[in-house]
*Asks:* 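Can you read through this structure? Questions will come right after.
The sequence lines fix the lettering, A, B, ..., with proteins before strands; numbering per chain opens at 1.
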Amino acid sequence: MKGSFSEKKRIILHVDMDHFFSAIEERENPNYKRKPVIVGADPREGKGRGVVKTCNYEAREFDIHSGMPISKAWRLCPNAIYVRANYRLYKKVSAEIMKILRNYSEKFQPWGFDEAFLNISSQVQDFDEAIELAVNIKHEILWNERLTCSVGIAPNKLVAKIACDFNKPDGLTVVIDNEVEKFLAPLSVRKMLWIGEKTENKLNEIGIKTIGDLAGYDVSVLIEKFGVMGARYHQWAHGIYKSEVGGRRRIRKSIGHESTFMANVNDQDLIYKKLENICQKVYERIIRRKLLFKTVTVKIRYGNFQTYTHGKTLLFFSNRLQDLQKTAQKLAQGFLCNNEKIRLIGVRVSTLKSSKGQRSLV
DNA sequence: TCTGGGGTCCTAGGACCC
DNA sequence: TCTGGGGTCCTAGGACCC
């Protein structure tokens, strides 16, 4: 007999705040109510660079969505309320919400600022009780924070997340065990976690449009085309997703900072100055977190959006600003010899370890 | 019609060691 | 003369997430 009687079915809940950043802005500024609110880069009268971070549903009426160039948003709706992101505030609100959620289960996993997974298998007997619990969560967040969220309930994280996205805002979607495949089948493959634009296109090319198509496809062909990911896509399309809530402890693997120039530049003094500045910022975060780094990577984006990286692993771990700056400068030189205009420059350090218990390098 | 900034994970080739 | 196979580290690029 497969499985066992003692194997308890999992009930996983995914909570996603509705248009989090713009919802907070609306809450803080009652006069924003019922007007399109767009949080993101400065539109600078349509000449601004950068993208929309979040926008409310009134702005979505104008076909504006997150990730859209802010200049395009401006053309679509110049009269919207444009707000710069206030991360300090969002972080504070996020912490309050996570505190609420954590109370519902110790098996808890934040997913970015405004989403989280909860394994509530030990808290509830069945999906009916899970719905009750989800309603309580929604009420508590609304009562305490005056913000709405959407919830998905399913036997695993993947389906819970897709279910959550199925009905927004202020939604609650439940997918019970034996309805998982039926629920997934008609959805676009794009709804699947880890399938983005590129993979969607590749799947479309071989006639796979829906998750049902993917589930029915010959797995050996998927493996041939997508390697190990092909096998995973196939499993996921059948609603099989084993990952535990809060399963793997996350250790920070890298710290970086990057910045886009207001206009593309080839002025070397300006570029090196910016690079120095970025190194300083990364350095401060390294020190604050008591870390040592070994690898430095410089990223350059040219005016044509072609993006490249150069990296160098030092022979030793360091937390010295001069090591970071000297290495970054050398790496950047390789990019700047052709005098081509640059759009973005960034620095990231990786191969990290804790500097606790070590004498700091001066 | 132009495309942010913070990250993670995967792939693939080359160097090097045993 | 020519030459296997496994493991690890480094580097660069790509795809994806929020």
*Asks:* Treat primed atoms plus P, OP1 and OP2 as sugar-phosphate and everything else as base, then score nucleotides 11-18 of chain C 5' to 3': B for base contact with protein heavy atoms under 4.0 Å, S for sugar-phosphate contact only, - for none.
*Replies:* SSS-SSSS

*Asks:* Taking the P atom in each of B:dT1 and C:dC17, what is the distance between them to the nearest angstrom?
*Replies:* 25 Å

*Asks:* Taking atom P of B:dT3 as reference, at what distance in whole Å does atom CH2 of A:W74 sit?
*Replies:* 15 Å

*Asks:* Between A:Y308 and A:L275, is there shared hydrophobic-cluster membership here, with clusters defined by ILVMFWY side-chain heavy atoms closer than 4.5 Å?
*Replies:* yes

*Asks:* Enter syn or anti for the glycosidic conformation of B:dC2, syn applying to angles within 90° of 0.
*Replies:* syn

*Asks:* For the pair made of NE2 in A:H257 and C1' in B:dG6, what is the distance, rounded to whole Å?
*Replies:* 10 Å

*Asks:* Measure from CD1 on A:I64 to C1' on B:dT3 and round the result to the nearest Å.
*Replies:* 16 Å

*Asks:* Going by atom types only, do A:S259 and A:K274 share a side-chain donor-acceptor pair under 3.5 Å?
*Replies:* yes

*Asks:* For a quick check of understanding: with a heavy-atom distance under 4.0 Å over all strands, which category does A:G40 fall into, base, sugar-phosphate or nothing?
*Replies:* nothing

*Asks:* Nearest to the side chain of A:R232 - B:dT3, B:dT1, B:dC10?
*Replies:* B:dC10

*Asks:* Please report, rounded to the nearest Å, how far the P atom of B:dG6 is from the CD1 atom of A:I345.
*Replies:* 13 Å

*Asks:* Ignoring hydrogens and geometry beyond distance, is a side-chain donor-acceptor pair present between A:Q280 and A:E284 at under 3.5 Å?
*Replies:* yes

*Asks:* Taking for each residue the nucleotide of DNA chain B bearing the nearest heavy atom, is the 5' side occupied by A:P69 or by A:G256?
*Replies:* A:P69

*Asks:* Please check if any side-chain donor atom of A:E340 sits under 3.5 Å from a side-chain acceptor atom of A:N266, or the reverse.
*Replies:* no

*Asks:* Under 4.0 Å from OP1 or OP2 of B:dT8: is there any side-chain N or O of A:R252 that close?
*Replies:* no

*Asks:* Any base atoms under 4.0 Å from A:G46, or only sugar-phosphate, or nothing? Heavy atoms, all strands.
*Replies:* nothing

*Asks:* Measure NZ/A:K294 against P/C:dC9 and give the value in whole Å, please.
*Replies:* 9 Å

*Asks:* OP1 or OP2 of B:dT3 less than 4.0 angstrom from a side-chain nitrogen or oxygen of A:R301, does that happen here?
*Replies:* no

*Asks:* Before accepting this row, confirm whether a basic side-chain N of the pair A:D170/A:K138 lies closer than 4.0 Å to the acidic partner's carboxylate O.
*Replies:* yes

*Asks:* Roughly, in whole Å, what's the span from CZ in A:F21 to C1' in B:dG5?
*Replies:* 11 Å

*Asks:* Can you tell me the distance, in whole Å, between the CE atom of A:M68 and the C1' atom of B:dG5?
*Replies:* 19 Å

*Asks:* Give me the stems containing DNA chain C, sorted by first residue, counting only three or more consecutive Watson-Crick or G-U pairs with both distances under 3.5 Å; say none if there aren't any.
*Replies:* B:5-18 with C:5-18

*Asks:* For A:Q325 and A:Y283, does a side-chain donor sit closer than 3.5 Å to a side-chain acceptor?
*Replies:* no

*Asks:* At under 4.0 Å between heavy atoms, what does A:K299 touch on the DNA or RNA strands: base, sugar-phosphate, or nothing?
*Replies:* nothing

*Asks:* Using the P atom as the reference point in each nucleotide, state the distance between B:dC2 and C:dC18 in Å, no decimals.
*Replies:* 27 Å

*Asks:* I need the OH-C1' distance between A:Y87 and B:dG6, as an integer number of Å.
*Replies:* 8 Å

*Asks:* Could you check whether A:I70 gets within reach of a base, just the sugar-phosphate, or nothing at all, counting any heavy atom under 4.0 Å?
*Replies:* nothing

*Asks:* In Å, rounded to the nearest 0.5 Å, how long is the span from CD of A:E58 to NE2 of A:H19?
*Replies:* 7.0 Å

*Asks:* Answer with base, sugar-phosphate or nothing: what part of the nucleic acid does A:S259 contact at a heavy-atom distance below 4.0 Å?
*Replies:* sugar-phosphate

*Asks:* Taking the six-membered ring of A:F317 as reference, does the NZ or CZ atom of A:K353 fall below 6.0 Å from its centre and within a 45° cone about the axis?
*Replies:* yes

*Asks:* Do A:N156 side-chain atoms and A:G239 backbone N/O form a donor-acceptor pair below 3.5 Å?
*Replies:* yes

*Asks:* Quick check with a 6.0 Å cut-off and a 45 degree axis cone: is A:R301 positioned over the face of A:F305's six-membered ring?
*Replies:* yes

